[in-house]
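Okay, structure first, notes after.
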Amino acid sequence: MVNKTILVVLDGLAYETAEQCMGFLHALIEQGTATVYKMQCELPSMSRPLYETILTGVTPALSGIVNNQITRNSNQTSVFSLARQAGLTTAAAAFHWYSELYNCSPYDAVRDRHTQDPERLIQYGCFYHGEHYADSYLYLDAESLRLRYNPDFLLIHPMNIDNAGHKAGINSSHYRNTVRHSDSELSKYIPTWIDEGYQVLITADHGMNDDKSHGGTLSIERDIPLFVIGKCFSHQQMCTPKQTEICGTICDLLGIQYHRKPVPDNLLLKDKLMKRQYFKAIAS
Ligand SMILES: [Zn+2]
């Protein structure tokens, strides 16, 4: 069975700041609709290597995407390639590095910014290249893709949190307020996604440090959240998902068989009894 899935990658969102500043997502947790897990990102704690990890389940050391300057197509199977093989529809509103990893490299803004090509791995794309592209516009781009093309898998990737961290560091009102703003943006769309039955994962590539950067092994750089929303998740705390297991989880949600990607124990509901317990719990 295909469960339509939305993956939101909030660039540069540290776990601790998500916990303190994302009131809307935590309201969903308090009412039993969402669950958050603490994850550790793979290394190096940098964007392009970890976009590849999230979408392929492969660590940077193995994928070869070990820094931000490596500009080439991914040579791994990904959520996008596996979904396309299964005949599913894919879309992304995201930084242009995703277009380079899964569609065309190098990025050509005139050709690639608005992608509508059923033959591509990301069939419907709205890609940006200015790092200050406003999150509010990006969410509108994503919603437009969702309504227009009804994708089975939609990736949404805003960049403003990471930018705020590079400008002011993790311990700054600018960084925290940008996280609060992102939470508020999400509150405009998530209720509709829930009503329409989407499975939603919200996570980050990496965190942020006090030196206005990231890349190393500090816990503020590596600790990131994974929020999950939807009826297919177990919503059990007895689960320790890894960043390398997001890809396999999405493949399972999309009903893709034999994907050979790692998946965490207990993140998804595997049997009807657990599903019944979940619905009983949220009804009470
Ligand atoms: Zn960054």
Side-chain angles (χ1 to χ4, degrees), residues 7-22 38-56 59-61 63-72 74 92-102 105-107 109 127-139 141-142 155-183 185-186 201-227 243-244 246:
L7 169 66
V8 183
V9 178
L10 296 171
D11 206 294
L13 174 64
Y15 179 83
E16 185 188 292
T17 316
E19 198 178 32
Q20 293 167 357
C21 299
M22 303 195 89
K38 189 186 211 172
M39 293 197 309
Q40 201 174 48
C41 78
E42 295 298 325
L43 292 172
S45 51
M46 298 186 77
S47 289
R48 195 188 306 243
L50 298 176
Y51 301 164
E52 173 78 340
T53 294
I54 292 169
L55 271 302
T56 66
T59 62
S63 73
I65 307 289
V66 288
N67 63 55
N68 286 340
Q69 284 70 49
I70 294 177
T71 306
R72 64 162 167 82
S74 167
F95 195 53
H96 68 285
W97 290 356
Y98 285 95
S99 179
E100 291 183 330
L101 282 167
Y102 307 107
S105 189
Y107 175 75
F127 300 103
Y128 60 98
H129 40 280
E131 289 175 359
H132 297 282
Y133 193 68
D135 285 3
S136 55
Y137 297 167
L138 190 273
Y139 283 111
D141 293 340
L155 167 70
I156 305 177
H157 169 249
M159 185 70 94
N160 289 173
I161 294 171
D162 187 65
N163 275 324
H166 286 297
K167 211 167 181 186
I170 187 171
N171 289 310
S172 67
S173 57
H174 183 42
Y175 180 76
R176 288 189 294 271
N177 283 334
T178 307
V179 175
R180 292 179 182 112
H181 181 258
S182 200
D183 179 68
E185 281 296 320
L186 285 167
L201 300 94
I202 302 163
T203 189
D205 46 357
H206 52 72
M208 186 59 61
N209 64 32
D210 234 346
D211 299 330
K212 306 177 187 174
S213 66
H214 50 83
T217 62
L218 292 172
S219 60
I220 48 176
E221 294 170 292
R222 290 195 81 176
D223 290 350
I224 51 168
L226 172 65
F227 295 90
Q243 196 172 34
T244 49
I246 291 175

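Along the sequence shown, residues are numbered consecutively beginning with 1. When a ligand or atom number is given, it counts from 1 through the structure's own listing order.
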Do side-chain atoms of Asn160 reach the backbone of Asn163 as a donor and acceptor pair under 3.5 angstrom?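 Flag not set: sc Asn160 to bb Asn163 has no pair under 3.5 Å.
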Counting only heavy atoms not in Gln40 (residues, nucleotides, ligands), do more than 12 fall under 6.0 Å from its CD?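 Atom CD in Gln40 is packed in, count exceeds 12.
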Atoms listed for the Zn ion (ligand 1) (protein only, N, O or S, under 2.8 Å, no waters) are Asp162 OD1, Asp162 OD2, His166 NE2, His214 NE2
What orientation do Tyr51 and Tyr98 show, parallel under 30°, tilted 30 to 60°, or perpendicular over 60°? parallel
Under 30°, 30 to 60°, or over 60°: which ring-plane class applies to His96 and His129, parallel, tilted or perpendicular?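 Ring orientation, 0 to 90° scale: perpendicular.
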Partners of Arg48 by salt bridge (charged side-chain N to carboxylate O under 4.0 Å, His left out), sequence neighbours excluded? Glu100
Could you check if a side-chain atom of Tyr139 sits within less than 4.5 angstrom of a side-chain atom of Val8, using non-hydrogen atoms only? yes
